[in-house]
Chemist: 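Structure below; questions to follow.
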Amino acid sequence: MKEKLIQRYNKAERVNHWIVAGCFVLLAISGLAFFYPAFFWLTGVFGTPQLARIIHPFVGVVMFLGFFIQFFRYWKYNLMEKEDVKWLTSVGQILKGEEVGDTGKYNAGQKIMFWLMTVCMLTLLATGFIAWRPYFADMFPIPLIRIALLLHAVSALVLIAGIIVHVYAAIWIKGTIRAMVEGVVTQAWAKAHHPRWYREIMAKKKAKDEAAGRL
Ligand code: HEM
């Protein structure tokens, strides 16, 4: 039987997401290389340690700008609602793979992840700017640069841990990766994991079909 598909992300959204994800991987590898001597060899990701030191902040700016666009695309779907309390208080059931509550486009876990990403991105940008030699660091006192570097490392580690969960969840719920690769999900996926979003999409589709006189 032919699968019934629903569009979840258009091409621009997918290209945007994978640019951010690609930058994140390069930044995480080169950042860990600067942070832990045992990982220093990973600076090779940008050719040489010197090049890694020069390129890392520029890639950081690209990641931030990419995420900035994502933020404005998705913030309204990530606002917490009453229904999210049910999801959050049923973590045991969720971990068993059961679905809880009348979830919209994103569930409460995805929403928390979205806001965590946002806080980390803003912290990484602000602290990275303060510590960026040779362009901006001279404008700030050394104690402030030290605090900025500490916060930069902490927010990077939190973001890396968050993205590991984000990727795990995307693989764990079958059919989710396809949403960000091909842009589509099956109707069964939508009905099971995001029932309110499914009803909204189907209602819109019905209204469009009726307006076009196809029903
Ligand atoms: C590196 C591997 C990554 C994979 C495999 C991955 C996978 C996915 C998938 C499958 C979705 C769709 C989820 C859904 O529609 O329910 C998604 C959404 C999203 N991803 Fe990623 N992602 C990755 C990295 C990142 C990174 C590094 C960021 C930003 C820091 C990011 C930010 C987002 C955002 C903002 C959404 C929309 C979800 C929301 O607004 O709550 N992703 N990702």
Side-chain angles (χ1 to χ4, degrees), residues 5-32 42 45 56 59-81 83-84 87-88 94 97 99-128 152-201:
L5 301 174
I6 304 180
Q7 173 108 31
R8 189 153 163 94
Y9 296 105
N10 65 31
K11 202 168 187 178
E13 287 177 288
R14 285 178 275 145
V15 170
N16 186 173
H17 176 271
W18 291 117
I19 288 176
V20 173
C23 289
F24 168 82
V25 171
L26 292 174
L27 289 161
I29 292 175
S30 52
L32 286 172
L42 286 174
V45 71
H56 177 97
V59 178
V61 172
V62 175
M63 176 173 80
F64 181 83
L65 293 176
F67 184 78
F68 188 74
I69 300 170
Q70 286 194 299
F71 179 85
F72 284 101
R73 284 189 201 282
Y74 306 123
W75 70 270
K76 49 187 173 298
Y77 306 112
N78 285 287
L79 297 174
M80 285 290 173
E81 298 158 309
E83 201 61 28
D84 294 320
W87 196 97
L88 288 171
I94 308 247
E99 286 296 336
V100 180
D102 195 21
T103 304
K105 185 161 187 185
Y106 297 116
N107 64 40
Q110 290 177 295
K111 291 179 181 181
I112 291 174
M113 191 59 74
F114 177 84
W115 294 109
L116 183 83
M117 287 172 185
T118 305
V119 171
C120 289
M121 287 285 174
L122 289 171
T123 312
L124 286 166
L125 179 79
T127 55
H152 198 76
V154 170
S155 45
L157 289 179
V158 171
L159 185 61
I160 291 171
I163 294 301
I164 289 173
V165 175
H166 178 74
V167 174
Y168 182 81
I171 296 169
W172 185 39
I173 305 292
K174 284 198 183 69
T176 309
I177 292 280
R178 187 178 186 185
M180 216 24 120
V181 175
E182 295 172 36
V184 292
V185 290
T186 61
Q187 287 191 9
W189 180 97
K191 216 172 180 175
H193 305 299
H194 300 273
R196 184 156 50 88
W197 178 71
Y198 170 74
R199 290 198 306 275
E200 285 162 7
I201 292 287

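Atoms within a ligand are numbered from 1 in the order they appear, just like the ligands themselves. Keep in mind that the numbers below use all heavy atoms, side chains included, and drop hydrogens, waters and symmetry copies.
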Chemist: Of the listed options (Lys105, Arg8, Gln70, His194), which comes nearest to atom 34 (C) of ligand 1 when hydrogens are ignored and any heavy atom counts?
Modeler: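 Looking at heavy atoms only, Gln70 sits closest to atom 34 (C) of ligand 1.
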
Chemist: Which of the listed options, His17, Met180, Met121, holds the heavy atom that is closest to atom 6 (C) of ligand 1?
Modeler: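 Ranked by closest heavy atom to atom 6 (C) of ligand 1, first place is His17.
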
Chemist: Decide yes or no for Asn107 and Glu99: does some side-chain heavy atom of the first lie under 4.5 Å from some side-chain heavy atom of the second?
Modeler: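 Heavy-atom side-chain distance check fails, nothing below 4.5 Å.
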
Chemist: Are the side chains of Trp197 and Val185 in touch, meaning some heavy atoms are under 4.5 Å apart?
Modeler: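 Result yes, sub-4.5 Å side-chain heavy-atom pair found.
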
Chemist: State the atoms of ligand 1, each with its element, that fall below the 4.0 Å cut-off from a heavy-atom position in Gln110.
Modeler: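 Numbered from 1, ligand 1 contributes 13 (C), 14 (C), 16 (O), 41 (O).
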
Chemist: So, is Trp189 polar-close to ligand 1, with some N/O to N/O distance under 3.5 Å?
Modeler: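 No, Trp189 has no N/O under 3.5 Å of an N/O on ligand 1.
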
Chemist: Select the closest option to atom 23 (C) of ligand 1 among Arg14, His166, Met63, Met117, judged by heavy-atom distance.
Modeler: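 Selected option, by shortest heavy-atom distance: His166.
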
Chemist: Output the list of atoms in ligand 1 that are nearer than 4.0 Å to some heavy atom of Ala21, sorted by atom number.
Modeler: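 Under 4.0 Å from Ala21, ligand 1 has these atoms: 1 (C), 24 (C), 27 (C).
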
Chemist: Which of the numbered atoms in ligand 1 are under 4.0 angstrom from any heavy atom belonging to Phe24?
Modeler: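 Going through ligand 1 atom by atom, the ones under 4.0 Å from Phe24 are 27 (C).
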
Chemist: Asn78 heavy atoms, cut-off 4.0 Å: which ligand 1 atoms fall inside?
Modeler: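 This gives 39 (C), 40 (O), 41 (O) as the contact atoms.
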
Chemist: Applying a heavy-atom cut-off of 4.0 Å, say which part of Tyr77 lies close to ligand 1: side chain, backbone, both or neither.
Modeler: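 The answer is neither; Tyr77 stays 4.0 Å or more away.
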
Chemist: Quick one: look up the protein heavy atom nearest atom 29 (C) of ligand 1 and list residue, atom name and how far away it is.
Modeler: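 Answer for atom 29 (C) of ligand 1: Val20 CG1, 3.6 Å.
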
Chemist: Could you tell me the residue and atom name of the protein heavy atom closest to atom 3 (C) of ligand 1, and the distance to it rounded to 0.1 Å?
Modeler: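 Going atom by atom, the protein heavy atom closest to atom 3 (C) of ligand 1 ends up being Val167 CG2, 3.6 Å.
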
Chemist: Quick one: look up the protein heavy atom nearest atom 5 (C) of ligand 1 and list residue, atom name and how far away it is.
Modeler: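 For atom 5 (C) of ligand 1, the nearest protein heavy atom is Trp18 CH2, 3.6 Å.
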
Chemist: Should Trp197 be listed as contacting ligand 1, given a heavy-atom distance under 4.0 Å as the test?
Modeler: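 No, Trp197 has no heavy atoms under 4.0 Å from ligand 1.
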
Chemist: Are Gln70 and Met121 side-chain neighbours, meaning at least one heavy-atom pair lies under 4.5 Å?
Modeler: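 Side chain of Gln70 against side chain of Met121, heavy atoms only: no contact under 4.5 Å found.
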
Chemist: Students should be able to answer this: which protein heavy-atom is nearest to atom 10 (C) of ligand 1, and at what distance?
Modeler: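 In this structure, atom 10 (C) of ligand 1 has Thr176 O, 3.4 Å as its nearest protein heavy atom.
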
